[in-house]
Amino acid sequence: MRWRFMGMVMVITALVLIVQTVPLAQYLRTVELDRLVTGLERDAFVLAGRAEEALESLDAAELAAVSDAALEYRAAGGGRVVIVDTNGIAQVTSDDDQSAVGGDYSSRPEIEQALSGTISSGSRFSTTLGEELVYVAVPVLSGQDIIGAVRLTYSEAVVDEEVGERLQVIEIVALLTLIMAGIAGIVFSGTVTRRLSVLTATTERLAAGDLSARAEPKAGAPELVRLARSFNRMADRLSGLIDEQRAFAADASHQLRTPLTALRLKLERARDLIESDPPGAAARLAAAELEADRLVTIVEGLLALGRAGASVSPVVTVDLGAIARERVEQWEPLAAEGGVDLTIAGPTSVSVLAVPTGVDQMIDNIIDNALAVSREGDQIRVIISAGDRPTLAVLDDGPGMSDDELARAFDRFWRGGTTTPGTGLGLAIVAELARASGAEVKLARREPHGLAATLTFDPA
């Protein structure tokens, strides 16, 4: 990964440099060409001023002096000089052999334009020299009269060479930038891969069974910090689930052992009494059936608790008021049989967040527990309250609980000192469903006796 990351950084940097360098090279060439043309125009006007008297008189001595100046200008690195008269006939050139003197330049577009009184500049291909030329042609004036023209030409290859020299410096800087980008890529990728290597090692420790393995979420890039925190949340959740499953298995094995042992003893006793005491054997079989029913009840409770504890369903919006009224209607006939008055009060519609079917199961378990401890003539009131966090409270007139009993009420299989039948799993299921729903469940004593079970939900 380190080398791939470094290569990616260098490729991106190279592309950026290319995108910047190509327009820069064009700009430098334009600037250099403009600078050359401006210099040629200036030099052309200087030579035109010196050639004015010589072109007026066409005196050989004066033309020779101008020719010497043209040769000096060419030797000093200037352009090729051609000075023509009004007819476009060359009177002075900067060629050493003076072979072009007397030649007709009137057909040259730039000479023709200069003789018309207009400054001409640009570039064109010279068939005579076989190369691209940069030229400037200016008129030679005597008062208002045009008595000739001066043309300076320069090889465009010189401009390219000048631009190339400047680009070499830029290329060196670009190369150094590319190297520095590669070094930065190695350093940065090393930091990333080192953090990923540590996280990988931590993951392998967790996979090997070390549930205490945790990532360090305080160092590194923000993305790696978020990844480490997510890993730690996953590890905490996994550790919690494993601990819950271990506790669940231990509690289940403990609770199932007793009814299974009792069932086996009753069946063995019934077998021994089949021949000698058939009525006694039948009584033992009836007791075994009751023990089997108790065993089925415990298994069903364990399955419900397991589903609640392993719930990973997302919370949804449910109507607490509507669900509570529907559950109270379902329980009213059973309450009436025991002489218990079951009522509900509060808003008819309150939207809360909970796992699917979670509210139904929590209300059922709480009302079931309340009915189990209620006597004839008691009341069970279900009260719904809306607010910042909606609540549902179930108030009963039972014997209530002590502080120690309240502290253990949500433990699995704990049934306190009650003699009513049950598995001790109802409130444990309520606690698991409340946790999965993001809700809170609390038990509190009522005066002079009774218990208040309160569920507090997040509003939808």
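Here the options are Leu141, Leu47, Ile147, Val66, the test is side chain to side chain contact (heavy atoms under 4.5 Å, CB included), and the partner is Glu52; only Ile147 passes. Of the options Asp236, Thr202, Asn232, a side chain to side chain donor-acceptor pair (under 3.5 Å) to Arg214 is made by Asp236 and by none of the others.
Minimum interatomic distance between Ala354 and Val359 (heavy atoms only, all atoms of both residues): CB-CG2, 3.7 Å. The two residues Ala324 and Leu392 have their closest heavy-atom pair at CB-CD1, 3.6 Å. Between Glu110 and Ala137 the shortest heavy-atom distance is O-CB, 3.5 Å. Closest approach of Phe231 to Ala213, counting heavy atoms only: CE2-O, 4.2 Å. The minimum heavy-atom distance between Ser120 and Tyr135, with the atom names listed, is OG-CE1, 3.4 Å. Scanning both residues, Asp319 and Ser349, for their nearest heavy atoms gives OD2-OG, 2.9 Å.
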task: Please report the C-alpha distance between Val136 and Asp43 in whole Å, then the side-chain angles of each, then the deciding distance to 0.1 Å, and finally whether the side-chain contact (heavy atoms from CB on, under 4.5 Å) criterion is met.
output: CA-CA 10 Å; Val136 170; Asp43 296 341; over 6 Å; no
Worked verdict on Ile384 versus Arg325 for side-chain contact (heavy atoms from CB on, under 4.5 Å): CA-CA 10 Å; Ile384 302 172; Arg325 278 172 167 73; 3.8 Å; yes
- request: Please step through side-chain contact (heavy atoms from CB on, under 4.5 Å) for the pair Glu405 and Arg445, ending with a clear verdict.
  value: CA-CA 11 Å; Glu405 289 173 333; Arg445 287 194 302 273; over 6 Å; no
query: Which is it for Asp59 and Glu53 under the side-chain contact (heavy atoms from CB on, under 4.5 Å) test, yes or no, and what are the steps along the way?
result: CA-CA 9 Å; Asp59 181 73; Glu53 294 183 3; over 6 Å; no
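Glu440 has its side chain out of reach of Thr454: every pair of non-hydrogen atoms, C-beta onward, lies at least 4.5 Å apart. Between Leu152 and Val81, some side-chain heavy-atom pair lies under the 4.5 Å cut-off. Contact check for Glu432 versus Gln361: no side-chain heavy atoms found under the 4.5 Å cut-off. Two residues are said to be in side-chain contact when any heavy atoms from C-beta on lie closer than 4.5 Å; Val318 and Leu320 fail this criterion. Side-chain contact between Val134 and Thr153: absent, with no pair of heavy atoms (C-beta onward) separated by less than 4.5 Å. Looking at heavy atoms from C-beta onward, Arg389 lies out of side-chain contact with Thr391 at the 4.5 angstrom threshold.
Counted within 6.0 Å of CE on Met234, heavy atoms from surrounding residues, nucleotides or ligands total more than 12; the atom is thus considered enclosed. Surrounding CD of Glu41 are more than 12 heavy atoms belonging to other residues, nucleotides or ligands, all under 6.0 Å away. Annotation for Arg50: atom CZ does not count as buried by contact number, only 12 or fewer foreign heavy atoms lying within 6.0 Å.
Going from atom CZ of Arg80 over to atom CZ of Arg74 covers 7.0 Å, rounded to the nearest 0.5 Å. Separating the CG atom in Asp85 from the CG atom in Leu58 is a distance of 6.5 Å, to the nearest 0.5 Å. Atom CE of Met362 is separated from atom CG of Leu433 by 5.5 Å, given to the nearest 0.5 angstrom. To the nearest 0.5 Å, atom CG of residue Leu238 and atom CG of residue Leu206 are 5.5 Å apart. To the nearest 0.5 Å, atom CD1 of residue Ile119 and atom CD of residue Gln113 are 10.0 Å apart. Considering CG of Leu427 and CG of Asn365, their distance stands at 7.5 Å, rounded to 0.5 Å.
Remark: side-chain polar atoms of Ser230 are paired, donor with acceptor, to backbone N or O of Arg226 under 3.5 angstrom. Side-chain atoms of Asp396 come within 3.5 Å of backbone atoms of Leu451 as a donor-acceptor pair (strictly under, hydrogens ignored). With hydrogens and angles disregarded, no donor-acceptor distance shorter than 3.5 Å links the side chain of Asn87 to the backbone of Ile89. The backbone N or O of Ala439 lies less than 3.5 Å from no partner atom in the side chain of Ser437, so there is not a single donor-acceptor pair.
Under the 3.5 Å distance criterion, with hydrogens and angles disregarded, no donor-acceptor pair is assigned to the side chains of Asp404 and Ser402. Using a 3.5 Å distance cut-off with no hydrogens or angles, the side chains of Trp331 and Asp364 do pair a donor with an acceptor. Arg35 and Thr38 share no side-chain donor-acceptor pair at under 3.5 Å.
Residues that satisfy the side chain to side chain contact (heavy atoms under 4.5 Å, CB included) test with Ser351, not counting sequence neighbours, are Thr317, Ala460.
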